[in-house]
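Presented below is the structure to which this report refers.
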Amino acid sequence: MTSTPALLWFRRDLRLHDNAALAAALADGRPVVPVFILDDETAAEWAPGGASRWWLHHSLASLDADLRKLGLRLILRRGHYAKELSRLLAETKASEIHVGLPTEPWARRAIDSLKLGVPIHTHRTALLFHPDAIKTGSGTPYGVFTPYSRACLREYQPHPPIPAPKSLPAATLPPSDELNDWKLLPTHPDWSAGLSVHTPGEKGAAARLKAFLPKAAAYDTARNLPGQIGTSMLSPHLAWGEISPNTVWQATGEGRGNEVFRTEILWREFSSNLLWHFPALPEAPLKPAYAAFPWRTDTKALHAWQRGQTGVPIVDAGMRQLWQTGWMHNRVRMITASFLIKHLLIDWREGERWFWDTLVDADLAANAASWQWVAGSGADAAPFFRVFNPSLQGEKFDADGAYVRHYVPELETMAEKYIHSPWNAPNPPKNYPSPIVDLAFGRARALDALKTITKSAP
DNA sequence: CGTGAGTTTGT
DNA sequence: CAAACTCAC
């Protein structure tokens, strides 16, 4: 019988259900010391952004509360992984570490370089498949989504989620930081109110899933309408690992809506896969030709986009939803991203940065892969001629303008006919800006810019 | 090595 | 229908 404890190192798997790292740590009956280490220095530019820190604060509080019900508590440490882990090992005499497998390049490097004198076991807690598990016939990673997803569907082995433990062995716990001292909550007053539409934590995640499941059958069409809640809104819970993709997958049913929803889970996997095999994904275009793309520098336009003051209603509604609630409807993410990249001709990395700071669901892989997809620099990107027309998108997916009216009150009383193109209205509101770029001009300029890098040599 | 296909569209 | 290109088999 061993009595030395195991360190259970939580990262982006802040849950007790279906947690392979927790199950492994408990397997031989040792005491388990649960820890979370905030290492902003190692994460450097990809340390959690403002909205993510708000979420993290509440998620850590929730996990701590759940652990206290089982007689433990969550040990919080701030500092370099290597230094804090070696301190924890000295304090607890732990003889092994269990941690969820990360896909962020900085975290992979950090874990690979640890030399602590005890075994470090990594467990697949955040993904359905290990990034090396799904390969093409010739053994290379997939770069195109559809064949990747088909391979996933072939390989997927249904298995029930691991239940949360009903009890935990008693453990002698080392000292912990006070969560409030980490000051993860925003000082910005207009934030906390809008962010409270979310309920971080494992219970909040389960409630979201439960609320979504009856609507999953309609997901294939309802997901496109930003004026209603047709999506699962599970993204921040998945990003912090408060629920496992397998738990979500297992809960879904049959039919088109459920299938399309599961496909979205596979997009999340695909993004992680890309990041795993191309660690430069957040910084460099996957298609090398795009390194020479003639981006414009336009801080005024960038700022107008960030604050929802572009004069294009659906773009401004989306950017304001993001700023106020830390979340944006997926359809609108595509529209706002396309507008920044194509109509404003601003580098996708500027958008990636802004989303990283303002999204509660910010995930390095999904964020980078999605921005590259819109930019056309990704492995499996939209064809170059595909430029979203934000007015048409608005008319198609927010036909009555309810979404725009909610987030852009200047347009609340605008006639339906002009809600997505108020510049055509006989009396446009004086307190709402004219478009910072003419849509037809922006589209033509984007296509011209793309021609400069897609022309192949004779 | 040939062939079919490629999330989310615009005009 | 655009439509160069790459990917996967």
Side-chain angles (χ1 to χ4, degrees), chain A residues 134-155 218-226 230-232 235 256-271 273-274 277-278 285-290 292-293 312 314-315 318 328-343 348 366-367 369-398 403 420-421 438-458:
Chain A
I134 306 291
K135 295 281 181 66
T136 66
S138 51
T140 55
Y142 281 97
V144 175
F145 176 72
T146 304
Y148 170 81
S149 68
R150 281 198 274 258
C152 288
L153 292 172
R154 277 197 307 272
E155 298 288 323
Y219 178 78
D220 50 330
T221 50
R223 66 174 179 148
N224 279 316
L225 308 175
T231 65
S232 72
S235 54
R256 177 80 187 142
N258 280 274
E259 282 168 17
V260 172
F261 176 68
R262 283 194 292 271
T263 303
E264 296 302 316
I265 301 289
L266 293 182
W267 268 98
R268 178 178 174 276
E269 298 276 323
F270 185 57
S271 300
N273 239 259
L274 285 175
H277 294 289
F278 308 99
L286 216 50
K287 287 184 182 171
Y290 278 74
F293 196 93
V312 180
I314 192 117
V315 173
M328 195 199 302
H329 187 276
N330 181 248
R331 163 69 45 187
V332 192
R333 292 191 198 199
M334 292 190 284
I335 300 169
T336 55
S338 171
F339 184 79
L340 181 78
I341 293 169
K342 305 203 172 167
H343 287 92
W348 58 271
N367 196 37
S370 302
W371 275 97
Q372 292 225 37
W373 184 84
V374 177
S377 59
D380 186 26
F384 75 86
F385 52 84
R386 194 171 284 168
V387 178
F388 281 61
N389 178 329
S391 291
L392 281 185
Q393 286 281 313
E395 285 162 18
K396 219 166 147 180
F397 299 113
D398 183 38
Y403 178 73
H420 293 293
S421 53
D438 176 80
L439 296 184
F441 167 82
R443 176 189 161 84
R445 183 174 63 179
L447 293 177
D448 284 346
L450 281 151
K451 271 183 206 151
T452 67
I453 61 156
T454 49
K455 240 180 211 146
S456 27

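Quick note on labels: first sequence line is chain A, next is B, and so on, each numbered from 1.
- Rounded to an integer number of Å, the gap from A:Q372 CD to C:dT6 P is 17 Å.
- Between the side chain of A:H343 and the main chain of A:D438, no donor-acceptor pair closer than 3.5 Å is present.
- In this model, the phosphate group of C:dC9 is approached by a side-chain N or O of A:Y142 to a distance below 4.0 Å at OP1 or OP2.
- A:L439 places its CG atom 14 Å from the C1' atom of B:dT11, with the value rounded to the nearest Å.
- The main-chain N or O of A:T140 is never found under 3.5 Å from a side-chain atom of A:H277 such that the two would form a donor-acceptor pair.
- A salt bridge between A:D448 and A:K451 is present, with a side-chain N of the basic residue lying under 4.0 Å from a carboxylate O of the acidic one.
- When the side-chain nitrogen and oxygen atoms of A:R386 are compared with OP1 and OP2 of B:dT8, one or more of them lie within a distance under 4.0 Å.
- Under a 3.5 Å cut-off, the side chain of A:K396 and the backbone N or O of A:S391 do not form any donor-acceptor pair.
- The minimum heavy-atom distance between A:I134 and A:A151, with the atom names listed, is CG2-CB, 3.8 Å.
- Phosphate contact (OP1/OP2 of B:dG10, side-chain N/O of A:Q393, threshold under 4.0 Å): present.
- Proximity of A:N224 to the phosphate of B:dT8: no side-chain N or O atom is located under 4.0 Å from OP1 or OP2.
- Comparing B:dT8, B:dT11, C:dA8 by their closest approach to the side chain of A:L392 singles out B:dT11.
- The distance from atom NZ of A:K287 to atom P of C:dC7 is 8 Å, rounded to the nearest whole Å.
- Rounding to whole angstrom units, CZ of residue A:F339 and P of B:dT8 are separated by 22 Å.
- Side-chain atoms of A:T452 come within 3.5 Å of backbone atoms of A:A449 as a donor-acceptor pair (strictly under, hydrogens ignored).
- Residue A:F145 contributes atom CZ, which lies 12 Å from atom C1' of B:dG6 at whole-angstrom precision.
- For A:R150, no side-chain nitrogen or oxygen approaches OP1 or OP2 of C:dC9 to under 4.0 Å.
- The side chain of A:T136 sits closest to C:dA8 out of B:dT8, C:dA8, B:dG10.
- In this structure, of B:dT8, C:dC9, C:dA8, it is B:dT8 that holds the atom nearest to the side chain of A:F388.
- Nucleotide B:dT8 holds its P atom 6 Å from the CH2 atom of A:W373, rounded to whole Å.
- Note on A:E264: a base of the nucleic acid sits closer than 4.0 angstrom, heavy atoms only.
- The backbone N or O of A:M334 lies less than 3.5 Å from no partner atom in the side chain of A:S338, so there is not a single donor-acceptor pair.
- Looking at heavy-atom distances under 4.0 Å, A:R223 makes contact with a base.
- Distance, A:L450 CG to B:dG10 P: 16 Å, rounded to whole Å.
- Of all nucleotides listed (B:dT9, B:dT8, B:dT11), B:dT9 comes nearest to the side chain of A:K396.
- Distances were taken from every side-chain heavy atom of A:N389 (C-beta onward) to each of C:dC7, C:dC9, B:dT11; the shortest belongs to B:dT11.
- Stem regions annotated for DNA chain B: B:2-6 with C:5-9, counting only runs of 3 or more consecutive pairs of Watson-Crick or G-U type with both contacts under 3.5 Å.
- As rounded to whole Å, 15 Å separates atom P of B:dT9 from atom CD of A:E395.
- Legend: residues meeting salt bridge (Lys or Arg N to Asp or Glu O under 4.0 Å) with A:E395, ordered by chain and number and at least two apart, are absent.
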